[in-house]
Amino acid sequence: MLEVEIDVEVVEPPPSGAPLDFRERLVLALKTTDASVLAAAERAFRGVWPSIHDYIVERLAADLPPGLGWVLGCCDPAGLRQGYEAGEREVWAIPLGHGQAMVFESTQAPA
């Protein structure tokens with residue numbers, strides 16, 4: 001009888017709202033298997049949105065007084081992103097297809 005030792009690794013489920021192949025997509029997009037880089041990216045995951053712009057608009061709308069959300073529709077997307085990031089954070093995305101992207105927000109650029 002042949003005996004084979006099998007290593008079993010218990011892996012946490014992907015973050016809430018992430019696709020099931022979340023970690024595989026991270027590895028491919030970031031071109032690394034470095035556990036610390038992947039863990040940092042996972043902590044930076046904010047959800048799935050149609051675009052980075054949609055994510056930023058939703059974040060900012062939450063801080064605006066009721067009735068002023070319309071002003072965000074008047075903003076230039078590039079300028080709004082530049083103001084939101086303001087040298088303090090970086091928002092980046094991994095496309096999922098079908099008009100959706102996994103959006104990340106971190107204080108450091110992805111590796």
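Nothing here was measured: the structure is a model prediction, and the numbers come from that model.
M102 and L28 are assigned to two separate hydrophobic clusters, defined by single-linkage of ILVMFWY side chains at heavy-atom distances under 4.5 Å. Hydrophobic clustering (ILVMFWY, side-chain heavy atoms < 4.5 Å, transitive): V91 and L60 are in one cluster. Connection of I52 to Y84 is established within a shared hydrophobic cluster, with ILVMFWY side chains joined at heavy-atom distances below 4.5 Å, either directly or through further cluster members. No continuous path of ILVMFWY side-chain contacts below 4.5 Å connects L96 to V103, so the two sit in separate hydrophobic clusters. Cluster annotation: V57 is connected to Y55 through the hydrophobic network of ILVMFWY side chains, with a link wherever side-chain heavy atoms come within less than 4.5 Å.
With contacts defined as side-chain heavy-atom distances shorter than 4.5 Å, the pair L38/R23 does not qualify.
Distance CG/L20 to CZ/R25: 10.5 Å, rounded to 0.5 Å. Atom NZ of K31 and atom CG of L26 lie 13.0 Å apart (nearest 0.5 Å). Distance CZ/R46 to CD1/I56: 12.5 Å, rounded to 0.5 Å.
With a 6.0 Å radius and a threshold of 12 heavy atoms from other residues, nucleotides or ligands, Q100 has its CD atom above the threshold. Counting non-hydrogen atoms of other residues, nucleotides and ligands closer than 6.0 Å to CG of L68 gives a total above 12.
Heavy-atom minimum distance, V48 versus G17: CG2-O, 3.5 Å. Between D34 and S36, the closest heavy-atom pair is OD1-OG, 2.6 Å. Taking each heavy atom of A61 and L72 in turn, the nearest pair found is N-CD1, 3.5 Å. Closest of all the heavy-atom pairs between A18 and P14 is CB-CB, 4.1 Å.
A parallel orientation is assigned to the rings of F104 and W92, their planes being inclined by less than 30° (bins at 30° and 60°).
No donor-acceptor distance shorter than 3.5 angstrom exists from the side chain of D21 to the backbone of E24, with no hydrogens or angles considered.
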